[in-house]
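Just below is one structure, and these are the notes that go with it.
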Amino acid sequence: MSDPHEEPDGWPCVLSEEVTSLLMDVTLPADVFGAVVTATVLINETRGEVPGATASAKWPEQRRMPLGPDGALGVAEYVIVAHAEPPQIVLTRVQLY
């Protein structure tokens, strides 16, 4: 049993309505679906500090990360909401190529 006072490893990665709609689209290719799910896992496990992700110069809480091998599928955008209770990350948008 884990210690109830121990801080969890990751932060929840919540999907925006736009991303939820994208993932529910039955025509979405499986590799894109898998890449988005993989992105949410990486975002969760690293609390948004995904290797290779870039931060916005104007809004450092906003990040962009490549989707698929070397970003071949597109880009995922997310926002780290560290001061929320509980802290979370919102996957706000997915841009596909």
Side-chain angles (χ1 to χ4, degrees):
M1 180 177 228
S2 63
D3 181 357
H5 302 290
E6 186 178 310
E7 192 170 329
D9 291 334
W11 287 346
C13 184
V14 180
L15 305 179
S16 70
E17 288 183 25
E18 179 181 331
V19 175
T20 299
S21 294
L22 174 72
L23 291 178
M24 294 180 71
D25 184 345
V26 296
T27 64
L28 184 70
D31 59 342
V32 174
F33 183 89
V36 174
V37 170
T38 298
T40 63
V41 171
L42 285 171
I43 291 167
N44 167 268
E45 289 178 346
T46 63
R47 296 183 179 191
E49 301 297 333
V50 177
T54 58
S56 167
K58 291 183 180 181
W59 194 18
E61 296 86 3
Q62 181 183 17
R63 306 292 169 93
R64 295 175 60 120
M65 67 177 285
L67 285 177
D70 298 319
L73 298 175
V75 176
E77 295 180 356
Y78 61 95
V79 176
I80 301 170
V81 191
H83 300 295
E85 189 54 49
Q88 62 183 326
I89 298 158
V90 181
L91 184 58
T92 56
R93 186 170 167 203
V94 173
Q95 292 179 290
L96 300 174
Y97 298 134

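Residue numbers run from 1 in the order of the sequence given. What's counted below: heavy atoms across the whole structure, side chains too, no hydrogens, waters or symmetry copies.
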For this session: Identify whether Leu23 and Leu73 are in the same connected component of the hydrophobic contact network (ILVMFWY, side-chain heavy atoms under 4.5 Å).
Result: yes
For this session: Please identify each residue that fulfils side-chain contact (heavy atoms from CB on, under 4.5 Å) with Leu91, with sequence neighbours left out.
Result: Cys13, Leu15, Val19, Val36, Thr40, Ile43, Ala76, Tyr78
Seminar exercise, completed: Between the CG atom in Leu22 and the OG atom in Ser16, the distance rounded to the nearest 0.5 Å is 9.0 Å
Exercise. Which salt bridge (charged side-chain N to carboxylate O under 4.0 Å, His left out) pairs, counting each pair once, include a residue from residues 58-67, with sequence neighbours left out?
Worked result: Glu49-Arg63, Arg64-Glu77
Exercise. With a cutoff of under 4.5 Å between side-chain heavy atoms, which Ile, Leu, Val, Met, Phe, Trp and Tyr residues group with Val41?
Worked result: none
Problem set entry | Taking every non-hydrogen atom, the tightest pair across Pro12 and Pro87 | CD-O, 3.4 Å
Problem set entry | Pairwise side-chain contact, Met65 with Leu42, heavy-atom cut-off 4.5 Å (strictly under) | yes
Problem set entry | Hydrophobic cluster (4.5 angstrom, side-chain heavy atoms) - remaining members for Val75 | Tyr97
Exercise. Which pairs with one or both residues in residues 16-33 pass salt bridge (charged side-chain N to carboxylate O under 4.0 Å, His left out), sequence neighbours excluded?
Worked result: none
Problem set entry | Shortest non-hydrogen separation from Pro66 to Gly52 and the atoms involved | CD-O, 4.0 Å
Seminar exercise, completed: On a heavy-atom basis, the closest approach of Leu67 and Ala39 is CD2-CB, 3.9 Å
Exercise. Would you say Val81 and Trp11 make side-chain contact, with heavy atoms under 4.5 Å?
Worked result: no
Problem set entry | Nearest heavy atoms of Pro60 and Ala55, plus distance in Å | O-CB, 3.9 Å
Exercise. Under the side-chain contact (heavy atoms from CB on, under 4.5 Å) test, which residues partner Ala72, sequence neighbours left out?
Worked result: none
For this session: Tell me whether Val37 is reachable from Val14 by hopping between hydrophobic residues (I, L, V, M, F, W, Y) whose side-chain heavy atoms are closer than 4.5 Å.
Result: no
